[in-house]
Amino acid sequence: QARLVESGGGSVQAGGDLRLSCKASGFVYTSYCMGWFRQAPGKERESVATIDGSGTTTTYADSVKGRFTIAKDNSKITLYLQMTDLKPEDSAMYYCAADSTCLGNWDSSDGHWGQGTEVIVSS
């Protein structure tokens, strides 16, 4: 069955860097749009970055644009989120997701989610 496993989270001081990884299996990874989402305590889930199946089209939340980079390695069936100049407001649980339709159907039967990896940024 489809599976996404995130890793790379941790605790870092403001201004530091982290790289999150999402290992995919059990589905046709190259045909899916992929995304990183985050949710902080008491807040709704928000989209951080997305990338299409070919890896040519990306989107970013305004709050992370210029600091975060989403990328994928199809040979390793792995999605990455390079996070630089981290800020305390970036602290959240980060989730990897996949959407077979590339229409934003993350929460439907066409979508898959990982278990999350926590990022804590201290001042």
To the closest 0.5 Å, what do you measure between [atom1] ([X]) and [atom2] ([Y])?
{"X": "Met83", "Y": "Arg67", "atom1": "CE", "atom2": "CZ", "value": "8.0 Å"}
{"X": "Cys33", "Y": "Leu103", "atom1": "SG", "atom2": "CG", "value": "8.0 Å"}
{"X": "Phe37", "Y": "Cys96", "atom1": "CZ", "atom2": "SG", "value": "9.5 Å"}
{"X": "Asp73", "Y": "Leu79", "atom1": "CG", "atom2": "CG", "value": "10.5 Å"}
{"X": "Arg38", "Y": "Leu81", "atom1": "CZ", "atom2": "CG", "value": "9.5 Å"}
{"X": "Tyr32", "Y": "Asp52", "atom1": "OH", "atom2": "CG", "value": "15.0 Å"}

Contacts under 3.5 angstrom, residues 10-28 side chains, donor-acceptor by atom type, not counting sequence neighbours:
from, atom 1, to, atom 2, distance (Å)
Asp17, OD1, Asp85, N, 3.3
Lys23, NZ, Lys76, O, 2.6

Within the distance-only criterion (no hydrogens, no angle test), does the side chain of [X] pair as donor or acceptor with the backbone N or O of [Y] below 3.5 angstrom?
{"X": "Trp113", "Y": "Trp106", "answer": "yes"}
{"X": "Glu6", "Y": "Gln115", "answer": "yes"}
{"X": "Asp99", "Y": "Gly104", "answer": "yes"}
{"X": "Asn74", "Y": "Thr30", "answer": "no"}

Taking all atoms of both residues into account, what is the closest heavy-atom pair of [X] and [Y], and its distance?
{"X": "Val64", "Y": "Val48", "value": "CG2-O, 3.7 Å"}
{"X": "Thr58", "Y": "Tyr60", "value": "OG1-CE1, 3.6 Å"}
{"X": "Gly53", "Y": "Lys72", "value": "O-NZ, 2.9 Å"}

For Tyr80, the ring-ring contact (aromatic ring centres under 6.0 Å, His included) test, sequence neighbours excluded, returns none

Side-chain heavy atoms under 4.5 angstrom apart, residues restricted to Ile, Leu, Val, Met, Phe, Trp, Tyr: same cluster for Ile120 and Phe68?
no

*Going by heavy atoms in the side chains, are Leu4 and Tyr95 under 4.5 Å from each other?*
no

Checking Ser7 against Thr117: is there a side-chain donor and acceptor pair closer than 3.5 Å? no

